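Scope of the values below: all heavy atoms of this structure, side chains included, with no hydrogens, waters or symmetry mates. Residue numbers run from 1 in the order of the sequence given. Whatever order the structure lists ligands and atoms in, that order sets their numbers, starting from 1. Note that this is a predicted model, so its numbers are computed, not measured.
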Amino acid sequence: MQRVEPEPQEFERVLSSMCTEPHPAARQAAERFLATNPGDPTTYQRVAELEREAVGMLGTITGLEDPSGYVTSGGTEANVQAMRVARNRADTDDPNVVVPTSAHFSFWKAAELLGVELRTAPLADYRADTAAMAELVDGDTVSVVGVAGSTEYGAVDPIPEIADIAHDAGALAHVDAAWGGFYLPFTDDDWDFADAPVDTMTIDPHKLGQAAVPAGGLLARSEELLAELAIDTPYLESASQVTLTGTRSGAGVASAVAAMDALWPAGYREHYERAMDNAEWLADALAARGYDVVGPRLPLVAADVSLSLIEQLRDRGWRVATTGSDELRVVCMPHVTRSMLRSFVADMDWY
Ligand code: 0PR
């Protein structure tokens, strides 16, 4: 029987995703390196070299001169592994991690997997309330987490204060910049390894970095921190492995390098500026129609559009998601153009 080739969805009505069209060079590199496995770096040496390049470039973007880390399957793996570093190095039988309530749900996965108690601190104006965080920290705290570009609102936590709270308690400071990391270098925010004594960071090339999926990033300030993850690999040429997955696709690694080569820094700056213009345009358009709008801090806009209107927009093909408080949430990824937003707002007006 003749089968019709399946086609992936178009991006032309995708407004709430944190994925985007990969950069053409990233797409090509992903295809070339599909059949390589950086999980076996002595057999697949070229992709292993590329992974070191990827980590070096991520270090440049995040203000870390001699970074350790690897290309993960995504932000979830990077966050889980950062929590594992923190738990493994600590000397406690009852570890806890302090996160703001804005933390991505991957931290709940990490807590369950690692047997770590998750303590959540409230927000003040969409950012972590550091006084509340300091109260939750105790002698069993292994990590204090700040979010640099929150999933729901694009908010950036006070990272230097969070790092101080962590270190005062003898814990590690982790920053989740999975989404925001490729645009924050062009803002005034203090968020990276140069701005604060951050220990580990999540920054994902497969989000705003415009690499192909799967390409997340885990960075650590030192090799010793990463070594907390090492598991012996007796029958491989290499002696140990720090990754969570075993076999993994070289496509993500190669495409991350290709995207960063093509776009850092001028391309990302240009995309950041265009995305912010679009987000501000949308925020103004929604405010002019009487909605309460949050943002944009980074190019992400939330607004109290009714769930019934959101349903109608979905029926017209718009892929839109809501925040935990049921607000409409639009993420101005690189594929989101002004004309897409104009026709989205026109559809809102039609109802
Ligand atoms: N940290 C932050 C701040 C995130 O926003 C996300 C994902 C993660 C960690 C986890 O990253 P991975 O999904 O790569 O493991 N944020 C998006 C979200 O949960 C992920 C997403 C992407 C959702 C594309 C939908 C979509 O179409 O909303």
Do NZ/NE/NH1/NH2 and the carboxylate oxygens of [X] and [Y] come within less than 4.0 Å?
X: Arg119; Y: Asp138; result: yes
X: Asp66; Y: Arg221; result: no
X: Arg338; Y: Asp277; result: no
X: Asp347; Y: Arg13; result: yes

N/O contact list for ligand 1, threshold under 3.5 Å:
unit_1	atom_1	unit_2	atom_2	d
ligand 1	1 (N)	Asp176	OD1	3.2
ligand 1	1 (N)	Asp176	OD2	2.6
ligand 1	5 (O)	Thr151	OG1	2.7
ligand 1	11 (O)	Gly75	N	3.3
ligand 1	11 (O)	Lys207	NZ	2.8
ligand 1	14 (O)	Gly75	N	3.0
ligand 1	14 (O)	His206	NE2	2.9
ligand 1	14 (O)	Lys207	NZ	2.9
ligand 1	15 (O)	Gly75	N	3.3
ligand 1	15 (O)	Thr76	N	2.8
ligand 1	15 (O)	Thr76	OG1	2.6
ligand 1	19 (O)	His104	NE2	2.9
ligand 1	27 (O)	Ser17	OG	2.5

| query | Does the cation-pi check pass for Arg316 over Trp350, that is, NZ or CZ under 6.0 Å from the six-membered ring centre and within 45° of its axis? | reply | yes
| field | No-hydrogen, no-angle side-chain donor-acceptor test under 3.5 Å, Ser306 and Ser308 | value | yes
